[in-house]
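Below is one structure, written out as structure tokens; the observations come after it.
What you see is a predicted model; the values in this text were computed from it and never measured. All chains are named by letter (A, B, ...) in the order of the sequence lines, taking the proteins before the strands, and each is independently numbered beginning at 1.
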There are 2 protein chains.
Amino acid sequence: MARLSDVIETFIKDMIKETGGEAEIQRNALATRFNCVPSQINYVIGTRFTTEHGYFVESRRGGGGHIKIKRISVNNPYNDFMHLILSIGDSISEHSAVAHINNFVDYKLISFRDGILMKAAIGSKALQYAFPANRDRIRAEILKNMLMRLIV
Amino acid sequence: MARLSDVIETFIKDMIKETGGEAEIQRNALATRFNCVPSQINYVIGTRFTTEHGYFVESRRGGGGHIKIKRISVNNPYNDFMHLILSIGDSISEHSAVAHINNFVDYKLISFRDGILMKAAIGSKALQYAFPANRDRIRAEILKNMLMRLIV
DNA sequence: ATATAAAGAAAGTCAAAGATGGTCAGATGA
DNA sequence: TCATCTGACCATCTTTGACTTTCTTTATAT
């Protein structure tokens, strides 16, 4: 029932928290620990630790190889916030929008409650009556409007 | 002879009662249990666990997928709020939506900040790329979804 | 010693298979 | 007629494994 990928995700996130921002893992060792094929580690990283999710990943192959996963840090909240809003562009998928919102919450640029409301506003259920071809465009507009309102 | 859909409905409702407000099911497992096709589960959910009935449904596909059905809090102040949400109906103008939101703020059902976010989400600017014929419908859906999220 | 080849040790890629849930139109039955 | 039931087809997410690339270590020839 419990998804292995979720377990691995949590494990890595805990590791990052403990070490204050960075986890260094060995792919094969982790795979052995969780009894899965090594490439599943790549799957987890590729779906949950992307730039969009606020992570930066580096690695080295060969003997003594490793994978480093860092949480991207925010130094200038206001600037980064603006930058992120601008980076949303004219169109955005629900998946992407949720990742952005979670980041805003994580970096304390908006509250947890704000995040809940925003996710409700841009979810597929909320936009079900918009033509599929327009949904991503409308979603981007709604998201940008909400974000702008909070900082203007 | 009780209709199968009614049996399934009761089963899910009992489950929600037992767990105090939330049932997590697996569509295929449930279908197997009741000897029906999986899509009948969707039928039951779609006809008996709607917003109008006071339920909130979420789901995930893929390995380890599931369907979560939450009962909106009933025996508390939210009960009246729920009626207000439902009174919004299937379609609403921006003017009317803003009036509703302001009322919610005035009566302290939502915060001032919540109101700002909601107005940003349902404003004409946010919905500019939706076909005019759909706007009021989409607006109603967004507003209801945001409000519902606050009480589930 | 030095250069080089071979072996070993990681990690990366990608596509197929597996596991769920969603949709919709037509059949069925009270 | 209207609600219910069914099944074919679709969308999404996860797991697995064969094959590839890169880096380090070790053996070998000069």
Side-chain angles (χ1 to χ4, degrees), chain A residues 1-12 23-53 55-70 92-99 123-133 135-136, chain B residues 1-12 15 23-53 55-70:
Chain A
M1 261 271 263
R3 271 175 233 99
L4 218 211
S5 287
D6 289 345
V7 176
I8 297 173
E9 175 189 3
T10 301
F11 177 82
I12 295 176
E24 181 167 327
I25 63 175
Q26 294 215 271
R27 195 180 74 147
N28 289 347
L30 245 203
T32 301
R33 174 184 189 128
F34 289 108
N35 237 296
C36 64
V37 294
S39 58
Q40 180 148 12
I41 307 300
N42 294 87
Y43 174 73
V44 173
I45 291 172
T47 53
R48 284 113 151 126
F49 294 93
T50 65
T51 306
E52 192 170 81
H53 290 95
Y55 294 91
F56 179 72
V57 180
E58 290 175 292
S59 69
R60 273 188 70 114
R61 306 184 187 191
H66 64 260
I67 303 176
K68 258 190 213 164
I69 304 171
K70 296 182 194 173
I92 192 170
S93 68
E94 177 175 4
H95 185 81
S96 244
V98 169
S124 53
K125 260 170 83 188
L127 301 182
Q128 65 183 307
Y129 297 120
F131 286 109
R135 270 179 210 155
D136 288 357
Chain B
M1 175 77 179
R3 278 186 235 88
L4 218 209
S5 287
D6 291 342
V7 176
I8 297 174
E9 176 189 3
T10 301
F11 177 82
I12 295 176
M15 210 169 158
E24 182 167 327
I25 63 174
Q26 294 214 269
R27 195 181 73 147
N28 290 347
L30 206 51
T32 301
R33 176 184 189 126
F34 289 108
N35 239 295
C36 64
V37 293
S39 58
Q40 179 148 10
I41 308 300
N42 294 89
Y43 174 72
V44 173
I45 291 173
T47 53
R48 283 115 152 125
F49 295 91
T50 65
T51 305
E52 284 68 29
H53 288 103
Y55 293 91
F56 187 81
V57 181
E58 292 175 292
S59 69
R60 264 193 83 151
R61 306 184 187 190
H66 63 259
I67 302 176
K68 258 189 211 162
I69 304 171
K70 295 182 191 172

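The shortest distance between the side-chain N/O atoms of A/Q40 and the OP1/OP2 oxygens of D/dT14 is not below 4.0 Å. Put simply, B/N42 has a side-chain N or O that comes within less than 4.0 Å of OP1 or OP2 on C/dG22. Applying the 4.0 Å criterion to OP1 and OP2 of D/dC13, one finds that A/T47 has every side-chain N and O outside that range. Contact check, A/Y43 against D/dT15: no side-chain N or O comes under 4.0 Å of OP1 or OP2.
Between B/D6 and A/G64, it is B/D6 whose nearest contact on DNA chain D lies nearer the 5' terminus. Both A/R60 and B/I67 lie near DNA chain C, and the one whose nearest nucleotide falls closer to the 5' end is A/R60.
For the pair B/I41 CD1 and D/dT6 P, the interatomic distance rounds to 11 Å; values are reported in whole Å. A/F34 places its CZ atom 15 Å from the C1' atom of D/dT15, with the value rounded to the nearest Å. The interatomic distance linking A/R61 (CZ) with D/dT25 (P) rounds to 18 Å, in whole Å. Regarding A/E58, its CD atom lies at a distance of 16 Å from the C1' atom of C/dA10, rounded to whole Å. Atom CD1 of A/I45 and atom C1' of D/dT14 are 16 Å apart (whole Å). For the pair A/H66 NE2 and D/dT24 P, the computed distance is 11 Å after rounding to whole Å. Look at CD on B/Q26: it is 14 Å from C1' on D/dT14, rounded to the nearest Å. In this structure, the NZ atom of B/K68 is 14 Å from the P atom of C/dG22, given to the nearest Å.
The residue from B/L4, B/V44, B/T47 that alone fulfils the side chain to side chain contact (heavy atoms under 4.5 Å, CB included) condition with B/E9 is B/V44.
Within 4.0 Å (heavy atoms only), B/L4 reaches sugar-phosphate atoms of the nucleic acid but no base atom. Heavy atoms of A/G63 sit under 4.0 angstrom from at least one base atom. Among the atoms of the strands shown, base atoms are found under 4.0 Å from some heavy atom of A/S39.
Looking only at distances, no side-chain donor or acceptor of B/S39 sits under 3.5 Å from a matching main-chain atom of B/N42. For A/Q128 (side chain) and A/K125 (main-chain N/O), a donor-acceptor pair under 3.5 Å exists by modelled atom type.
Listed nucleotides D/dT4, C/dG12, D/dT16 differ in distance to A/C36; the shortest reach to its side chain belongs to D/dT16. Proximity note for A/R27 (side chain, C-beta onward) versus C/dT20, C/dA11, D/dT4: the nearest is C/dA11. Considering only the side chain of A/R48, D/dT14 comes nearest among D/dC5, C/dT13, D/dT14.
The CD1 atom of A/I69 lies 12.5 Å from the CZ atom of A/R48; values are rounded to the nearest 0.5 Å.
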- request: Give the intermediate values and the outcome of side-chain contact (heavy atoms from CB on, under 4.5 Å) for residues A/F11 and A/R33.
  value: CA-CA 11 Å; A/F11 177 82; A/R33 174 184 189 128; 3.6 Å; yes
